[in-house]
Amino acid sequence: HSSRAPAISVSAESCIPAGLRLGPVPGIFKLGKYLSDRREPGPKKKGRRAGRRISFLPPLFSSRVEVTAVPPVFQVRMVRGELVDEAGSSALEWIGLIRAARNSQEQTLEAVADLPGGQIFYRALRDVQPGEELTVWYSNPLAQWFDIPVTATPTHDEKGEERYICWYCWRTFKYPNSLKAHVHFHCALSHGRPFLHHDH
């Protein structure tokens, strides 16, 4: 159920330095709850389905829909050492729009807490370049605190593509974090059992 995920992407307008902290993240922390392999709700960028959906609309609106079929980009930039949006608002106003990363390759931020159960911040893992999307996933200590799986081992399908399989219900995913989110938030068969037993 990714339909309630924000259909928006937060991108860097200027370089964001490694180690920059954003936050704290307000509200109940449920990072990844609406993550899916597809990443964003709404029509896919490619494929017949998106094209067909657009062609049903009157010509007056079709060009507007084609533009918005890809999630709108929300840009943030560094101003006097602080990351702000185009209106100058601080991260507290828009940090909830940052999407969960599906894997470590697309991840630019990690969610961290100074103390177990304490306030959660996002920290830049590396220098984020202009035009890059900000995406976030749990740091290992925070994942363990929330009982989110830390690792996911891929198998390969008949085409040689990586797949991640739920150990409880055998559902398959393309990305490791989609699997981790499924196990923690959605898998009816996991019954809240940890995916892997950690040494505490």
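Here, residue 1 is the first one in the sequence, and each next residue gets the next number. This one's a predicted model, so the numbers in the text were calculated from it and none came from an experiment.
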What is the minimum heavy-atom distance between [X] and [Y], and which atoms define it?
X: Gly118; Y: Ala113; answer: O-CB, 4.2 Å
X: Ile120; Y: Ala111; answer: CG2-CB, 4.1 Å
X: Gly23; Y: Leu92; answer: C-CD2, 4.2 Å
X: Ala12; Y: Val128; answer: CB-CG1, 4.0 Å
X: Ala18; Y: Asp127; answer: N-OD1, 2.8 Å
X: Ser178; Y: Leu35; answer: N-CD2, 3.8 Å

Q. With side chains defined as the heavy atoms from C-beta onward, is the minimum distance between Ile165 and Trp170 less than 4.5 Å?
A. yes

Q) Does Arg102 reach the side chain of Gln107, with side-chain heavy atoms less than 4.5 Å apart? A) no

Show me the side-chain donor-acceptor pairs of residues 74-81 shorter than 3.5 Å, one per line, residues at least two apart or across chains.
none

For [X], what residues pass the side chain to side chain contact (heavy atoms under 4.5 Å, CB included) criterion, not counting sequence neighbours?
X: Glu161; value: Asp157, Lys159, Arg163
X: Asn103; value: Gln105, Glu106, Tyr175, Pro176
X: Arg171; value: Cys169, Phe173, His182
X: Leu22; value: Leu20, Leu83, Ala91, Trp94, Ile95, Ile98, Leu109, Tyr122

Q) Can you list every pair that meets salt bridge (Lys or Arg N to Asp or Glu O under 4.0 Å) and has a residue in residues 108-122, with sequence neighbours left out? A) Arg21-Asp114, Glu110-Arg123

Q.
Once salt bridge (Lys or Arg N to Asp or Glu O under 4.0 Å) is applied, what residue pairs with a partner in residues 174-186 remain, sequence neighbours excluded?
A. none

Q: State which residues pass salt bridge (Lys or Arg N to Asp or Glu O under 4.0 Å) with Glu162; sequence neighbours excluded, sorted by chain then number.
A: none

Should [X] and [Y] be regarded as members of a common hydrophobic cluster, given that ILVMFWY residues are connected when their side-chain heavy atoms come within less than 4.5 Å of each other, either directly or indirectly?
X: Leu189; Y: Val183; answer: yes
X: Val10; Y: Val84; answer: no
X: Leu125; Y: Trp137; answer: no

Q) Can you check side-chain contact (heavy atoms from CB on, under 4.5 Å) on His184 and Lys33, steps first, answer last? A) CA-CA 8 Å; His184 182 73; Lys33 182 164 187 184; over 6 Å; no

Q: Taking side-chain hydrogen bond (donor to acceptor under 3.5 Å, both in side chains) as the test, write out the residues that go with Thr108, two or more places apart.
A: none

Q: Please list, chain by chain and in numerical order, all residues satisfying side-chain hydrogen bond (donor to acceptor under 3.5 Å, both in side chains) with Glu132, sequence neighbours excluded.
A: Arg126

Q.
Under 4.5 Å side-chain heavy-atom separation, chaining through any Ile, Leu, Val, Met, Phe, Trp or Tyr, what else clusters with Phe121? Say none if it is isolated.
A. Val112

Q: Sort and list the pairs that fulfil ring pair (Phe, Tyr, Trp, His ring centres under 6.0 Å) and have at least one residue in residues 8-29, not counting sequence neighbours.
A: Phe29-Tyr138, Phe29-Phe146

**Q.** Intermediate values then yes/no, side-chain contact (heavy atoms from CB on, under 4.5 Å), Ile16 and Leu134
**A.** CA-CA 10 Å; Ile16 297 168; Leu134 302 183; 3.7 Å; yes

